[in-house]
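Numbers for residues simply follow the sequence, beginning at 1.
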Amino acid sequence: MLTANSSLLTKEDMTNPDRVPQWLIKEYQTFHETVTDKTFPCYFGMKAENKGELRYAYITQEDWSNLPKAVESFLDLFQEPPYIRHGLFVFMEPESIEGDIEFYRKRFWEILQYLHEADEKPWPIKKPKDPDHYLWDYHFAGEPIFVFGNAPAYKQRKTRDLGNSLVLGFQPRMIFEGLEGTEKGGIMSREKVRERVEKWDNLPKHPDISHFGDVNHNEWKQFFIGDDIEPIKGKCPFHHKQLTKP
C-alpha cells in the first residue's frame, strides 16, 4: 500500500510498475483509451486526461485506508492558484467474478460511508444532512463533492463502464463555478454532453439525472444511476455519522 503522502497519483504514476500494482496499470490503460476516444461524451474528462490534469488513487478489496488521505490531498490542489478543474478517479481492485449493478452500487455507497466516517472535519452546519433534502450534497473535509460510480456491470450505459474496476469519480463543486445548473453556460454544456451520452449509450437520459438545486431532484440518485431508464426507488444508503458526546 502507498504511504500516506503518496496516495494521490498522477498520469505518469499510473503506468509506473514501481508505483502501482499491475492490475491498476491494466485498468488505467482501459480507462485512458475510453475517455480519450474522440467520441467520448465528456469533453471535460477527455481534455483533462489528455493534458494530465486528472488525479487518481486506488484501493484494494481488503484495504481502503489510504482513501481519506488521497481525497484530502486532492482537495489541497484547489487551495491556491492555478485553479485547474481537476477530477479524481479512484479505482477499486477488480472482483474475481463480476457482480451486477446492485452489487457495485452497494459497494460504492459502502466506500462513501467509509470515507465519511473517516472525515476529521465536521459537516458544514448549514448544509442538509438528510439525503432526501433537495439541497443535500456529499461533503468531505468541508467541501461539497459530486461523486459518480462506474462499473463493469453497466452493459447499456457504456459511458459508465470504464473497465473491470469499480471506479469512483470525484468532482468538487468548485470546479463547476460558472457552469451551475441555472447558468447559461452550464445549461449549454450540460445539454451538449447529455446529447453525446445518449448517442453513446443508445438510451435516453436517465430520469434521475438533473442539476443540483432542482427542488424535484435528489442528488444522491445521480451518484450511481441504473443501467436502464427506471427511476431509483427507496432510501439513500448513506447515513450521516452520529457524533459521540464527550
Is any side-chain heavy atom of [X] less than 4.5 Å from a side-chain heavy atom of [Y]?
{"X": "Ile145", "Y": "Arg173", "result": "no"}
{"X": "Leu166", "Y": "Ile111", "result": "yes"}
{"X": "Ile101", "Y": "Tyr154", "result": "yes"}
{"X": "Phe31", "Y": "Ser165", "result": "no"}
{"X": "Glu72", "Y": "Phe140", "result": "yes"}
{"X": "His217", "Y": "Gln222", "result": "yes"}

Within this structure, what is the [atom1]-[atom2] distance for the pair [X] and [Y], rounded to the nearest 0.5 Å?
{"X": "Cys42", "Y": "Lys47", "atom1": "SG", "atom2": "NZ", "answer": "11.5 Å"}
{"X": "Lys199", "Y": "Thr159", "atom1": "NZ", "atom2": "OG1", "answer": "14.0 Å"}
{"X": "His240", "Y": "Gln113", "atom1": "NE2", "atom2": "CD", "answer": "9.5 Å"}
{"X": "Leu168", "Y": "Phe89", "atom1": "CG", "atom2": "CZ", "answer": "10.0 Å"}
{"X": "Asp100", "Y": "Arg105", "atom1": "CG", "atom2": "CZ", "answer": "9.5 Å"}
{"X": "His133", "Y": "Cys236", "atom1": "NE2", "atom2": "SG", "answer": "14.5 Å"}

Within the supplied structure, the quantity of interest is the number of heavy atoms (other residues, nucleotides, ligands) at a distance under 6.0 Å from Glu120 CD; does it exceed 12? no
Using a cut-off of 6.0 Å, state whether more than 12 heavy atoms not belonging to Ile209 lie near its atom CD1.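 Yes, because the 6.0 Å sphere around CD1 of Ile209 holds more than 12 heavy atoms from other groups.
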For [X] versus [Y], what's the shortest heavy-atom pair and its separation?
{"X": "Pro131", "Y": "Trp220", "result": "O-CD1, 3.1 Å"}
{"X": "Leu112", "Y": "Phe223", "result": "CD1-CD2, 4.0 Å"}
{"X": "Pro231", "Y": "Pro207", "result": "N-CG, 3.7 Å"}
{"X": "Met174", "Y": "Phe78", "result": "SD-CB, 3.3 Å"}
{"X": "Asp130", "Y": "Trp136", "result": "O-CB, 3.3 Å"}
{"X": "Thr34", "Y": "Phe40", "result": "O-CD1, 3.4 Å"}

Before you tell me yes or no, could you show the steps for Glu49 and His32 under side chain to side chain donor-acceptor pair (under 3.5 Å), namely the whole-Å CA-CA distance, both residues' side-chain angles and the distance that decides it to 0.1 Å? CA-CA 7 Å; Glu49 172 64 12; His32 176 79; 2.7 Å; yes
[X] side-chain N/O to [Y] backbone N/O, donor-acceptor pair under 3.5 Å:
{"X": "Asp161", "Y": "Gly163", "answer": "yes"}
{"X": "Trp200", "Y": "Thr39", "answer": "yes"}
{"X": "Glu143", "Y": "Pro172", "answer": "no"}
{"X": "Tyr104", "Y": "Pro152", "answer": "no"}
{"X": "His86", "Y": "Glu53", "answer": "yes"}
{"X": "Arg55", "Y": "Gly87", "answer": "no"}
{"X": "Arg157", "Y": "Asp228", "answer": "yes"}
{"X": "Asp208", "Y": "Lys221", "answer": "no"}
{"X": "Asn150", "Y": "Val167", "answer": "yes"}
{"X": "Lys233", "Y": "Glu230", "answer": "no"}

When Met14 is tested against each of Leu9, Ile25, Leu54 for side chain to side chain contact (heavy atoms under 4.5 Å, CB included), which residue passes? Leu9
With a 4.0 Å cut-off on N to O distance, would you call [X] and [Y] a salt bridge?
{"X": "Lys26", "Y": "Glu93", "result": "no"}
{"X": "Arg107", "Y": "Glu95", "result": "yes"}
{"X": "Asp137", "Y": "Lys127", "result": "no"}
{"X": "Asp119", "Y": "Lys241", "result": "no"}
{"X": "Glu102", "Y": "Lys106", "result": "no"}

Before giving the answer on side chain to side chain contact (heavy atoms under 4.5 Å, CB included), spell out for Leu88 and Leu8 the whole-Å C-alpha distance, their side-chain angles and the decisive distance to 0.1 Å. CA-CA 9 Å; Leu88 169 65; Leu8 190 65; 3.7 Å; yes
Aromatic contact, [X] with [Y] (centres under 6.0 Å):
{"X": "His116", "Y": "Phe238", "value": "yes"}
{"X": "Phe74", "Y": "Phe170", "value": "no"}
{"X": "Trp23", "Y": "Phe91", "value": "no"}
{"X": "Phe146", "Y": "Tyr138", "value": "no"}

Checking ring-ring contact (aromatic ring centres under 6.0 Å, His included) for the pair Tyr28/Tyr56: CA distance, chi angles, key distance, verdict? CA-CA 9 Å; Tyr28 172 70; Tyr56 319 88; 5.4 Å; yes
Trace of the side chain to side chain contact (heavy atoms under 4.5 Å, CB included) decision for Phe224 with Phe148: CA-CA 6 Å; Phe224 203 110; Phe148 59 101; over 6 Å; no
In one Ile/Leu/Val/Met/Phe/Trp/Tyr side-chain cluster, 4.5 Å: Ile229, Ile225: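 No, no single cluster joins them.
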Linking I/L/V/M/F/W/Y whenever their side-chain heavy atoms sit closer than 4.5 Å, directly or via other members, would Leu203 and Val197 fall into one cluster?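 In one cluster with Leu203: Val197, no.
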Could you please spell out the steps behind the side chain to side chain contact (heavy atoms under 4.5 Å, CB included) verdict for Leu162 and Thr30? CA-CA 7 Å; Leu162 299 177; Thr30 301; over 6 Å; no
Between Thr36 and Asn50, does any side-chain donor sit less than 3.5 Å from a side-chain acceptor? no
Polar side chain donor-acceptor pair, Gln156 to Asn202, under 3.5 angstrom: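 There is no such pair (donor and acceptor under 3.5 Å, judged by atom type) between the side chains of Gln156 and Asn202.
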Begin with the C-alpha distance, continue with both residues' side-chain angles, and end with the deciding distance and a verdict on side chain to side chain contact (heavy atoms under 4.5 Å, CB included) for Met92 and Trp64. CA-CA 9 Å; Met92 184 172 198; Trp64 304 354; 3.5 Å; yes
Take Asp13 and Thr10 through the side chain to side chain donor-acceptor pair (under 3.5 Å) test and state the conclusion after the steps. CA-CA 5 Å; Asp13 293 329; Thr10 64; 3.1 Å; yes
